[in-house]
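In what follows, every chain begins at residue 1, and chains take the letters A, B, ... in the order their sequences are listed.
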Protein chains: 2
Amino acid sequence: MSAIRIVLAEDQTLVLGAIAALLALEPDFAIVGRAADGDAALALVRTLQPDILLTDIEMPGRTGLDCAQALAAERARTSVMIVTTFARPGYLARARAAGVRGYLLKDAPIESLAAAIRTVAAGGRVIPAELAAAAWEAGSDPLTDRERDALRLAEEGLSNKDIASRLGLSPGTVRNYLSDAAAKLGAANRIEAGRTARANGWL
Amino acid sequence: MSAIRIVLAEDQTLVLGAIAALLALEPDFAIVGRAADGDAALALVRTLQPDILLTDIEMPGRTGLDCAQALAAERARTSVMIVTTFARPGYLARARAAGVRGYLLKDAPIESLAAAIRTVAAGGRVIPAELAAAAWEAGSDPLTDRERDALRLAEEGLSNKDIASRLGLSPGTVRNYLSDAAAKLGAANRIEAGRTARANGWL
DNA sequence: TTCGCACAGTGACAGATGTCACCCGCCCGG
DNA sequence: CCGGGCGGGTGACATCTGTCACTGTGCGAA
């Protein structure tokens, strides 16, 4: 029986190296490639055709979710697994939509990583029950594209006028979008709205 | 020659296990303890008296910087090293003040970790030059304690009135604090002020 | 074809926020 | 003992934000 061939993607080099060291201890795993950003990860997967791509979400350039989407579109033979710090419902939903086969949190017990990889390599799926439940409770993203755009800029402290000129809108329209977004999210103002949206992985 | 005795503290269990696996590969290192939060780390250091405490900053309960401060106050024999995601000048400044002997970023090359540990164990210090330079440029925290308090709550989207009642102040005073803070930080409003302060590690 | 909804805008109003001046008391360093 | 900084406060003012109502357009689904 041949080893499970794995490509790792993670922007924090120290963590990348450490996870590689951890997985290398398992006799049935072969770490065939490492990448520090999404574009490098995609390139590696395309040339190496591994069994598993184990990737972080938040990376410079292309995110792990972007990679999963791209590979799904190409009908690649590689199964994508996500390892992330964030238990955001929106991330999980996007991962599911992108055909991701495993979703793990970085504060999960270590043994669960190797176990999850074996499960996915055998054709299974790994999504923690608590996470799935939280995603269910949070529901789906209620925001429209323009509301998201406005909220992203508002988060950075821009005024309605500045946001309007960046988006090519009138300040009044921006005010309406942010007001709508806050209402949908049950927030009292743009700051709270931004925090809520981000916590849910909707930004 | 005996091994360098190390205690690791890191709240993301997966990363903790991975770093432990990585360091365990070095014959002159002995991982004598692991902790997933600051309080556990302190307790371990006090009983085990290791050569090195290698700790993250952002952890539940006590932060890595808090631990360093506590150990410095006790004149402990353990040297504290920080490994963190964030290159925030304020963090580095607080680390220096707490007698921290090494400060590494999680996106540093892997080999540098082992090298840094050996340097610190031999009585040296490890602070990356770029980080030190950035800290120099950013200058020191211009905020007063009350301004920081107000800014922290403002970040969460609370109104002046709510912040005032939480801090036991009048809303006008809160307004003044936030206005002062924004002026000191060169920000146009509370949101930008909060972002700037956080980016610098002043919150 | 009509309904709903995203997108875009205007106008009016209340309330929140930002700015400034100016007040007090306190403590600490020169 | 006097200045300066911090903590705390007031009042006035301008501007920004949040809320509502109401007007359109265009698209896609029933």
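- Taking side-chain N and O atoms only, Y177(A) has a distance below 4.0 Å to OP1 or OP2 of dA8(C).
- In this structure, NZ of K184(A) is placed 10 Å from P of dC5(C), rounded to the nearest angstrom.
- Nucleotide dC6(D) holds its P atom 11 Å from the CZ atom of R148(B), rounded to whole Å.
- Rounded to a whole Å, the CG atom of D145(A) is 13 Å from the C1' atom of dC5(C).
- A sub-4.0 Å separation between OP1 or OP2 of dC5(C) and a side-chain N or O of T144(A) is absent.
- For dG9(D), one of the phosphate oxygens OP1 or OP2 lies less than 4.0 angstrom from a side-chain nitrogen or oxygen of T173(B).
- Comparing P142(A) and G168(A), the nucleotide of DNA chain C nearest to each residue sits closer to the 5' end for P142(A).
- For R175(A) and dT17(C), the CZ to P distance is 16 Å, given to the nearest whole Å.
- Look at N160(A) and you won't find any side-chain N or O under 4.0 angstrom from OP1 or OP2 of dC16(D).
- Rounded to whole Å, the distance from NZ on K161(A) to P on dT17(C) is 19 Å.
- To the nearest angstrom, C1' of dG25(C) lies 16 Å from CZ of R146(B).
- Put simply, CG on D180(A) is 10 Å from P on dT19(D), counting in whole angstrom units.
- Counting only distance, with no hydrogens or angles, the side chain of N176(A) and the backbone of T173(A) share no donor-acceptor pair below 3.5 Å.
- At dG18(D), none of the side-chain N or O atoms of N189(A) fall inside 4.0 Å of OP1 or OP2 (strictly under the cut-off).
- Whole-Å rounding puts the E192(A) CD to dA16(C) P distance at 14 Å.
- Salt bridge status for R190(B) with E155(B): absent, with no side-chain N to carboxylate O gap under 4.0 Å.
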* Using the side-chain hydrogen bond (donor to acceptor under 3.5 Å, both in side chains) rule, take Q49(B) and T78(B) through it: C-alpha gap first, then chi angles, then the decisive distance, then the call. => CA-CA 6 Å; Q49(B) 300 275 321; T78(B) 299; 5.4 Å; no
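- In this structure a side-chain-to-backbone donor-acceptor pair under 3.5 Å is missing from R166(A) to L158(A).
- At a cut-off of 3.5 angstrom, counting only N and O atoms as typed in the model, there is a donor on one side and an acceptor on the other between the side-chain of N176(A) and the base of dT10(C).
- No donor-acceptor distance shorter than 3.5 angstrom exists from the side chain of N200(B) to the backbone of P89(B), with no hydrogens or angles considered.
- Contacts of S179(A) with the nucleic acid, taken as non-hydrogen atoms under 4.0 Å apart, include base atoms.
- Between R190(B) and dG18(C) there is a side-chain polar atom (N or O) within less than 4.0 angstrom of OP1 or OP2.
- Comparing dG9(C), dG8(D), dC13(C) against the side chain of L169(B) picks out dG8(D) as the nearest.
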